[in-house]
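The block underneath contains the structure these notes are about, expressed in structure tokens.
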Number of protein chains: 2
Amino acid sequence: MNQKSETRKEEIITTAAKLFKEKGYSAVTMRDLATAMGIKAASLYNHINSKQDILNTIIISIAEAFTAGMETIIQSEDSSIEKLKQIVALHVKITSNNTNGMASLNNDWMHLEEQLDYYLQLRNDYEDNFQVIIQQGIVANELKPNNPEIIMFSMLSTLRSLYLWLPKKEDFNPADLAMNLSEILIDGINT
Amino acid sequence: MNQKSETRKEEIITTAAKLFKEKGYSAVTMRDLATAMGIKAASLYNHINSKQDILNTIIISIAEAFTAGMETIIQSEDSSIEKLKQIVALHVKITSNNTNGMASLNNDWMHLEEQLDYYLQLRNDYEDNFQVIIQQGIVANELKPNNPEIIMFSMLSTLRSLYLWLPKKEDFNPADLAMNLSEILIDGINT
DNA sequence: GGAGCAAACTAACAAGTGTTAGTTGGATTA
DNA sequence: TAATCCAACTAACACTTGTTAGTTTGCTCC
């Protein structure tokens with residue numbers, strides 16, 4: 001539990017996230033992870049409790065970051081469009097901080113066990129809040145009266161896929177990308 | 001190779017696709033698949049060659065459908081915006097025909113082995129064609145001069161996520177959904 | 001120099017993996 | 001009726017899985 005051990009544990013989790021992104025949680029073995037760390041599989045257990053625990057840690061910490069970010073956005077007095085831009089920025093920020101972890105959150109959440117219900121609750125709350133913002137935007141005549149679910153689906157799909165693109169586009173800084181994306185998602189692409 | 005055997009083989013592949021969607025390729029065992037079919041694992045091998053082969057069949061057939069669809073779109077004389085709408089419709093159509101297979105294509109393509117290179121080639125060609133259409137739209141002043149890669153990323157992310165949403169939205173018919181989506185993706189959401 | 005400890009190791013485990021071989025029963029065909 | 005065949009079965013295989021137990025190594029601090 002001291003400083004050194006925490007650091008080593010974090011190294012393992014970071015490495016695991018990278019492998020999970022490449023092949024998915026189920027296809028990565030503890031021996032794969034150990035090899036990537038330069039040690040033997042059994043040695044991993046000096047630092048972590050189980051494979052399952054690694055996944056929990058990766059996913060739940062990110063999910064809670066999204067929840068906290070959404071909380072802040074919802075409580076602001078900004079317009080709906082402004083809030084949507086803040087959501088875009090939130091996704092860009094969290095994703096650029098932890099690209100590999102985002103892959104696990106997107107693709108391996110169903111392999112959570114004890115924490116699955118908690119995760120689903122966070123996700124549902126997030127999507128509910130997202131949709132309320134869109135509905136308020138429609139009521140306030142900031143947004144076209146399109147189906148709110150389809151709007152959210154479209155935006156969220158793009159934002160959730162960011163983890164695939166950010167690593168390839170290191171020439172974009174997060175702020176620029178967030179602005180660009182907001183423009184495309186909100187204003188559309190046609191002239 | 002007769003009619004009955006083909007049908008049974010297709011049943012297995014369909015069932016496999018469903019399981020692969022729920023837990024991912026690596027987490028589904030041949031015993032899981034057999035149980036879902038109501039038979040024993042060994043019996044599966046009367047119909048299929050290997051687990052790997054099932055994945056190949058699922059993914060490659062869809063990837064080729066996309067390639068064929070894109071070929072048709074590219075050869076048309078329509079405007080760029082019209083072509084983009086056709087791409088949206090193509091995704092909606094293929095996805096609604098095989099929601100489960102789309103999950104494998106999106107999430108388990110990296111577990112292809114002999115066919116991995118072929119798949120990647122199809123995907124790259126598809127994305128190249130997609131981007132050319134966008135660039136032509138910008139040159140022709142149909143589209144705002146946004147970064148073509150970001151535009152494609154945004155559209156493609158949404159379209160690739162359709163497999164997650166279509167099953168929940170059976171009240172939308174494909175044609176309506178394609179129209180709605182085109183509007184949001186092309187015209188944006190603000191007033 | 002010896003106690004304490006973090007972090008690696010070897011060896012082993014029970015359970016689960018994809019797959020093969022050979023067999024059986026019931027329908028179809030000659 | 002006899003021969004063929006499909007599609008299921010049981011049994012077994014070699015290997016891989018996550019994990020535990022117990023041991024060793026080298027560092028830090030009194």
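Quick caveat, the model's predicted, so the values are computed rather than measured. By convention in this document, chain letters (A, B, ...) are assigned in the order of the sequence lines, proteins followed by strands, and residues within each chain are numbered from 1.
Every pair passing salt bridge (Lys or Arg N to Asp or Glu O under 4.0 Å) that includes a residue from residues 23-41 of chain A is listed here, sequence neighbours excluded: A/K23-A/D32.
An OP1 or OP2 oxygen of D/dC9 is reached within less than 4.0 angstrom by a side-chain nitrogen or oxygen of B/S43.
To the nearest angstrom, P of C/dT17 lies 15 Å from NZ of B/K40. One interatomic measurement links the two molecules: NE2 of A/H47 to P of D/dT20, which rounds to 15 Å at whole-angstrom precision. Taking atom NZ on A/K51 and atom C1' on D/dT20, their separation rounds to 18 Å, with Å as the unit. Between B/L33 atom CG and C/dG18 atom P the separation is 10 Å, expressed in whole Å. Remark: P of C/dG18 and CD of B/E113 are 13 Å apart, rounded to the nearest angstrom. Between B/N49 atom CG and C/dT19 atom C1' the separation is 12 Å, expressed in whole Å. Taking atom CG of A/L44 as the reference point, atom C1' of D/dT17 lies 14 Å away to the nearest angstrom. The CE atom of A/M37 sits 11 Å away from the P atom of C/dC9 (whole-angstrom rounding).
Between A/G38 and A/R31, the residue whose closest nucleotide on DNA chain C is further toward the 5' end is A/G38.
In the set C/dG18, C/dA7, D/dA7, the nucleotide with an atom closest to the side chain of B/N46 is D/dA7. The side chain of A/A42 approaches C/dA11 more closely than any other nucleotide in the set C/dA8, D/dT10, C/dA11. When distances run from any side-chain atom of A/M30 to the nucleotides D/dT19, D/dT10, C/dG18, the shortest one goes to D/dT19.
Side chains of B/L185 and B/L84 form no contact here, defined as non-hydrogen atoms less than 4.5 Å apart.
The existence of a salt bridge linking B/E142 and B/K85 is excluded, since no basic side-chain nitrogen approaches an acidic carboxylate oxygen closer than 4.0 Å.
Side-chain N or O atoms of B/K21 include none that pairs as donor or acceptor with a backbone N or O of B/M102 at under 3.5 Å.
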